[in-house]
Amino acid sequence: MHPEWPLILFTFFLCVAGGALGAQGLLNVMGKGKKMQLASLVTALAALVVGGLSVFMHLQHWERIFNGFGHITSGITLEFIGCIVFAVVLVLYFLMMRRAEDGMAPKWCGVLAIVVGLALPVITGMSYLMASLPSWNTPLLPVYYLANTVFMGGLTALVIAGLTNDDSAKDLGVKVALAGGALQLIAVFTYAFIINGSAGLYSADIQYYFDPTLPDVAMVDRASIVGSIFAGANAVMFWLGTVAVGLVAPLVLTWLAKKVETGKKLAAYAGVALACVAVGGLCWRVILYVVAISIFALY
């Protein structure tokens, strides 16, 4: 399958939005992050808007979104509901923050922020689970989105903490980022091993099948595509983009950020790490599209 960039950007920015709001919610529950509240909310809102605009580019016309609302359990319906709830919680957090005498939103707002911040990427991942695409039809897809959300959420919090000089957020932000990075590392390698060994799912032997619109083009070599992650056409993108740049480099930078004082230097360390995670996340999402071979035509 060719990469669908509007959907790739949609899932990416939803993870950014969920991470920014979820990290701020955790800081709120722990009684920290007062200075950076507004910046975190603005970041989450901006990411949500960009992600929403991206998915509309996939539909090519806004009216087509209504075609997906035929059933409450359809993927686009769940994503839409998740985005609406996310926006409501974000606005509620802002209003309660402005209303509070000490300028700090109540802890129940932080709990809501954590719940919707983590739920939105998970719901988005679940909307892509479909039996016709074995490479996507696994719980590891929403698990990856969750890990990516936590990783980017922790780093986003560190960047904002550095820019707003919020000393209280540094230690917790580092811990969240390291935990998210470790979870993403496990999820990516587990997912890659499963995909790499999934050639048997495409074992249907159709000797005389061809595409009537392209009679001179051979059938897709399914085994070579799903087995191309560790050693093959997608190996460079996986090892260099997803692993080296997207996981190892930001984890090292996050670990080094522990010894950096809060301020522009912390924001620089975390900003570079966040950029690396973004590159790795986009590379992995592209790989997931490349190996997403449909079995619908085989049965």
Side-chain angles (χ1 to χ4, degrees), residues 1 3-25 41 43-93 109 111-153 180 183-184 187-188 191 194-195 281-282 284-286 288-289 291-292 294-296:
M1 183 188 299
E4 293 282 352
W5 279 103
L7 295 181
I8 290 173
L9 294 176
F10 171 64
T11 60
F12 171 77
F13 281 107
L14 251 60
C15 287
V16 175
L21 185 62
Q24 182 58 52
L41 297 181
T43 301
L45 178 60
L48 182 67
V49 170
V50 174
L53 293 176
S54 297
V55 78
F56 274 112
M57 295 297 292
H58 171 70
L59 296 171
Q60 296 182 347
H61 194 285
W62 67 270
E63 288 180 346
R64 293 183 178 178
I65 194 171
F66 296 104
N67 295 333
F69 294 152
H71 199 280
I72 191 65
T73 60
S74 69
I76 194 170
T77 302
L78 294 176
E79 291 170 355
F80 182 72
I81 293 174
C83 290
I84 294 298
V85 173
F86 186 95
V88 169
V89 171
L90 193 152
V91 172
L92 181 62
Y93 189 110
C109 286
V111 173
L112 284 178
I114 295 172
V115 172
V116 300
L118 298 181
L120 182 59
V122 172
I123 291 173
T124 301
M126 292 175 64
S127 71
Y128 289 95
L129 303 183
M130 52 193 79
S132 61
L133 295 173
S135 295
W136 291 3
N137 196 37
T138 167
L140 285 171
L141 184 58
V143 167
Y144 168 75
Y145 285 146
L146 176 62
N148 193 225
T149 297
V150 175
F151 200 4
M152 290 197 292
L183 179 59
Q184 183 172 320
V188 164
Y191 202 171
I194 290 177
I195 293 174
L282 293 175
W284 181 243
R285 285 169 170 83
V286 169
L288 289 180
Y289 267 91
V291 300
S294 175
I295 62 174
F296 179 76

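Between Ala44 and Leu90 the shortest heavy-atom distance is CB-CD1, 3.8 Å. Closest heavy-atom contact between Ala113 and Gly25: CB-CA, 3.8 Å. Nearest heavy atom pair, residue Pro3 against residue Val286, reads CG-CG1, 3.9 Å. Pro6 and Ser54 get closest at one heavy-atom pair: CB-O, 3.1 Å. A pairwise comparison of heavy atoms in Gly125 and Tyr145 identifies CA-CD1, 3.3 Å as the closest pair.
With values rounded to the nearest 0.5 angstrom, Leu129 atom CG is found 7.5 Å from Thr138 atom OG1. Note that the CG atom of Leu120 and the OG1 atom of Thr149 stand 8.0 Å from one another [nearest 0.5 Å]. Rounding to the nearest 0.5 angstrom, the gap separating the CG atom in Leu288 from the CG atom in Leu141 is 6.5 Å. Taken to the nearest 0.5 Å, the SG atom of Cys15 stands 10.0 Å off from the CZ atom of Phe10. Atom CD1 of residue Ile123 and atom CD of residue Glu79 lie 9.5 Å apart, to the nearest 0.5 angstrom. A distance of 6.5 Å separates OH of Tyr191 from OG of Ser135, quoted to the nearest 0.5 Å.
In this structure, Phe12 has no ring pair (Phe, Tyr, Trp, His ring centres under 6.0 Å) partners at least two apart in sequence or on a different chain. Residues meeting the side-chain hydrogen bond (donor to acceptor under 3.5 Å, both in side chains) test with Thr124, sequence neighbours left out: none.
Asn148 is listed as a side-chain neighbour of Arg285, based on a closest heavy-atom distance under 4.5 Å. Annotation: side chain of Tyr93 is not in contact with side chain of Leu112 (no heavy-atom distance under 4.5 Å). Contact check for Leu140 versus Ile194: side-chain heavy atoms found under the 4.5 Å cut-off. Between Phe86 and Leu14 there is no side-chain heavy-atom pair separated by less than 4.5 Å. The shortest distance between side-chain heavy atoms of Leu48 and Phe13 does not fall below 4.5 Å. At least one side-chain heavy atom of Tyr128 sits under 4.5 Å from a side-chain heavy atom of Thr11.
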Legend entry - From CA spacing to verdict: side chain to side chain contact (heavy atoms under 4.5 Å, CB included), Leu118, Val150: CA-CA 8 Å; Leu118 298 181; Val150 175; 4.0 Å; yes
Inset, instruction - Could you walk me through whether Leu9 and Val50 pass side chain to side chain contact (heavy atoms under 4.5 Å, CB included), step by step? - result: CA-CA 8 Å; Leu9 294 176; Val50 174; over 6 Å; no
